[in-house]
Each structure stands twice: as C-alpha cells, then as structure tokens.
Amino acid sequence: MALLAEGAIREIASYYRLNVIASIERRTVTGLITADGQNYVWKFAEEKDSEKRLAALSKVSQLLQEKGIRFAVALPNQNHVYLTRLHTIPSLGYLQPWLPGRHLNLGLPNERMAAIHALAQLHQIPVQRMDASVLSHHTPLQQRIFLKARALSGVWKDACERCPPLEPFSVGVLKQVAQVLEEPAPFYRQLVEFRQLSFCHRDLAPHNLLFGPAQEVQLIDFDQSGLDDPLYDVAQIANHSLFLGNLQAGDWRKMMDAYVEAAHLSPLRERLLWRILAWPDILARSLVEWAKRGYPADDWARVHYALKCESKRRQLLYSDSPYPIRM
C-alpha cells in the first residue's frame, strides 16, 4: 500500500478536523501527530473492514472502557461514518487513536498477569450487547486445532529427515497428532457441547498488547477479532509467554488460576484449557512455516528454539497442570 503523501494527509485532516503537524510512517500504518497532543493512526481498510464491522467494534470498545481497558478502534469522521475514502490515492481507510505505551513484555511476571486479567475482562463483555451477526467467526476452535494437526502430520517425516534432533520427539508429538485427528474425539465433543462464545482478540502477539503509562494493558489491532471460544485467546497468551518468557515451574499455573478465577471458568472449561495447552503449537507452527519455505538450513536455529520451547512446555505441564495430561 502506498505511503501517505501530503495531499492525503491534508484530506484526512479535513475529514476529521485535525491540525496535523507531522506524520510517522510505519510498515502498514501512518501515525499523525496533532497540535493538541491527541495523536492518531491511519490504517488502510481491508476487505473485511465494513462500516457495520467497524461500528460494532466501536461498541465493543465502549463496553470495554467501562471495565477500565482501552483498545484502538476506528473513529467516525465529520460525516459520522467510519470508513473514509481518500481521493488523492484513492483508497478507503479509517482513523483510530494512537494509544500511548510500549509493547508488553511477557517475560515479566507482572505484565503477564496484567495481560491475563485484561483478557478475562475482555471475555466477560456480554455478547447480547454486541452485534453478533457482524462479529461472528465461522471457523470453530476444534476445526482450527484439527487443521493444525493435519498440517503437522503432513510435514513431520520430512522435517525429521532434515533435522534429526526432532526424532526423539516423534512418539510424543505423533501421539498428540493422533489424539487430535481421532474422530469423534471426546475432546471435540466437549468443546462443541459446552461451547462458550466471547468477544476475542484472536491475534494476541505481544506487539498487539501495550503497557500504558499507568501500567495498564491496552489492546490494538483488532483485524482478526470476533466472537470465538475464549480459550483460543488464553492459549495464545500462554504460548507467546512460553516462546518469549523465561517461564519457571508454577508460572503457567499462576496465569491459568488467575484467568479461571477472573473469568469464572467452570471445572470442565478449566480442564479443556489445560488440554489445549498440551498441543505443541510453537513446534507445529515453526515446522509448517519451515516446510512452506522449502526447509532452508537458515531456519534451523528457529526450529531448535521451537524444540526447546516444547521441552519447556512438557516440564510446565507436568509441574503445573492440575489434571492428568496425556503426552
């Protein structure tokens, strides 16, 4: 997408009645610095960014602010619509607040716990107060897990031939794959029978979590958000913490116990959460991406680090899980 030229910035300033004094280009967005200190981000619209969806996200933002959590969503222009057409490019886009703060550090226990509590608050927003028809997601959690298992199964043999240190993991990993691909699996029946939909972020990488000036968690980039099983979000935070943080025995248990209490999770849902945490997500993702790139030797360091993370996952599951985990 083309960068914003001066003419486009003037258009945006006019549509939103802003006094823009400077701009900062990023990879996919442009930051706009205003004279009054209220700074913004301009994003080009994607196919899914309909007027109805942006309006629905704005409503969710209002509900979340009632719980003391901010997240950046589209702002209406002077015509009271969210999508704005620029004629100098031409292109559709929208303006959103530029929230202050830095990327969350999941290596720090207090920031991990702050993220977990914010997530629980996000998931407790009443679905009946949202536009569910616009925010619904059509790929259920059990289907995504099934697709991941099938993809991992398809690349495992070739990956082991190119990276022999993978071989000792074969028994455990292939057992996990078999459990997921087994149909009808009790795990899937439980997910479907006790399905709980909440508003979920669905892309909880640390760069989408900001630690604000008052040490509060703020959320950005809701491109993938929608109604989904909240366990998907929790697993993402747990896996990113495993990948990026120096987790020790007890750390996962503290995180999950905090979420269970704050989100009022039932015992069954808690068991399902720990079952999902047993899936070797980091290794599966790394190997599938490695296969797509043709197994280049340059990726060995990433694969070896993924193996290290999965070894840590097993240790944490054995030390932290309150339920028996089949590995």
Side-chain angles (χ1 to χ4, degrees), residues 106 112 115-116 119-120 122-124 137 139-153 156 169-198 200-202 204 227-243 245 247 249-288 306-307 309-327:
L106 292 174
R112 286 199 302 269
I116 284 292
L119 207 56
L122 175 69
H123 294 159
Q124 290 184 84
H137 241 283
T139 307
L141 177 59
Q142 65 269 21
Q143 183 178 347
R144 289 196 297 276
I145 296 174
F146 179 88
L147 293 174
K148 288 181 179 182
R150 190 168 64 180
L152 179 58
S153 177
W156 184 259
F169 286 77
S170 289
V171 173
V173 169
L174 294 180
K175 183 186 294 185
Q176 287 286 89
V177 170
Q179 290 171 5
V180 172
L181 295 179
E182 184 184 55
E183 289 200 37
F187 172 60
Y188 287 152
R189 287 202 302 270
Q190 290 172 345
L191 274 177
V192 173
E193 184 178 354
F194 296 93
R195 192 179 184 196
Q196 174 183 322
L197 293 182
S198 301
C200 297
H201 187 284
R202 302 186 79 255
L204 285 168
L227 297 182
D228 203 343
D229 191 313
L231 301 186
Y232 182 77
D233 272 357
V234 185
Q236 280 193 323
I237 283 287
N239 282 315
H240 281 297
S241 297
L242 180 62
F243 189 75
L247 299 187
D251 286 344
W252 256 8
R253 184 65 180 269
K254 290 177 183 177
M255 293 171 66
M256 298 307 108
D257 284 353
Y259 181 82
V260 167
E261 180 179 358
H264 310 294
L265 231 58
S266 69
L268 175 59
R269 295 286 292 170
E270 183 181 6
R271 287 198 299 273
L272 289 175
L273 173 57
W274 281 101
R275 176 65 183 86
I276 291 171
L277 291 180
W279 171 251
D281 191 74
I282 295 170
L283 184 60
R285 185 186 300 272
S286 296
L287 293 184
V288 170
L307 280 171
C309 289
E310 293 307 337
S311 295
K312 174 65 75 171
R313 180 193 302 277
R314 294 186 181 203
Q315 295 171 19
L316 290 175
L317 286 169
Y318 283 127
S319 64
D320 291 11
S321 176
Y323 306 100
I325 300 293
R326 292 187 299 166
M327 298 292 288

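Values below: every heavy atom of this structure, side chains too, minus hydrogens, waters and symmetry copies.
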Asks: Taking all non-hydrogen atoms of both residues, which atom of S319 and which atom of G250 are closest, and how far apart?
Replies: OG-N, 4.4 Å
Asks: Using only atom types and a distance under 3.5 Å, with no angle test, would you say the side chain of Q124 pairs donor to acceptor with the backbone of H264?
Replies: no
Asks: Is D229 salt-bridged to R269, going by a charged N under 4.0 Å from an acidic O?
Replies: yes
Asks: Could you check whether atom CZ of R253 has more than 12 heavy atoms from other residues, nucleotides or ligands sitting under 6.0 Å from it?
Replies: yes
Asks: Any donor-acceptor pair under 3.5 Å linking the side chain of S153 with the backbone of A149?
Replies: no
Asks: Checking the side chain of E270 only, and the main-chain atoms of S266 only, is there a donor and an acceptor separated by less than 3.5 Å?
Replies: no
Asks: Test side chain to side chain contact (heavy atoms under 4.5 Å, CB included) on H123 and V234 and set out the steps.
Replies: CA-CA 10 Å; H123 294 159; V234 185; 4.2 Å; yes
Asks: Measure across Y323 and P267 and return the closest heavy-atom pair with its distance rounded to 0.1 Å.
Replies: OH-O, 3.8 Å
Asks: Keeping the roles fixed (side chain from S286, backbone from L283), state whether a donor-acceptor pair exists under 3.5 Å.
Replies: no
Asks: Is it the case that the side chains of R313 and N239 hold a donor-acceptor pair, with the cut-off being a distance below 3.5 Å and no angle test?
Replies: yes
Asks: Would you say I237 and Y259 make side-chain contact, with heavy atoms under 4.5 Å?
Replies: no
Asks: So do W279 and L152 actually touch side chain to side chain, heavy atoms under 4.5 Å?
Replies: yes
Asks: So how far is it from C200 SG to L122 CG, rounded to the nearest 0.5 Å?
Replies: 7.0 Å
Asks: So does L247 get a backbone contact from the side chain of K312, meaning a donor-acceptor N/O pair under 3.5 Å?
Replies: yes
Asks: With side chains defined as the heavy atoms from C-beta onward, is the minimum distance between K148 and V288 less than 4.5 Å?
Replies: no
Asks: As an exercise, state the distance from CZ of F243 to CD of E310, rounded to the nearest 0.5 Å.
Replies: 10.5 Å
Asks: Any ion pair linking K254 and D320 (charged N to carboxylate O, less than 4.0 Å)?
Replies: no
Asks: Just verifying a value: how many Å separate L277 CG and R275 CZ, rounded to the nearest 0.5 Å?
Replies: 10.5 Å
Asks: Measuring from H201:NE2 to Q236:CD, what's the distance to the nearest 0.5 Å?
Replies: 8.5 Å
Asks: Hey, mind stepping through I276 and D281 against side chain to side chain contact (heavy atoms under 4.5 Å, CB included) and telling me if it holds?
Replies: CA-CA 9 Å; I276 291 171; D281 191 74; over 6 Å; no
Asks: Are Y232 and R144 side-chain neighbours, meaning at least one heavy-atom pair lies under 4.5 Å?
Replies: yes
Asks: So, are R202 and D233 salt-bridged, with charged N and O less than 4.0 Å apart?
Replies: no
Asks: Under a 4.5 Å cut-off applied to non-hydrogen side-chain atoms, are S321 and M256 in contact?
Replies: no
Asks: What distance do F169 atom CZ and L307 atom CG have between them, rounded to the nearest 0.5 Å?
Replies: 4.5 Å
Asks: Hey, mind stepping through W156 and V177 against side chain to side chain contact (heavy atoms under 4.5 Å, CB included) and telling me if it holds?
Replies: CA-CA 10 Å; W156 184 259; V177 170; over 6 Å; no
Asks: Measure the CG-CG distance between L106 and L242 for me, rounded to the nearest 0.5 Å.
Replies: 11.0 Å
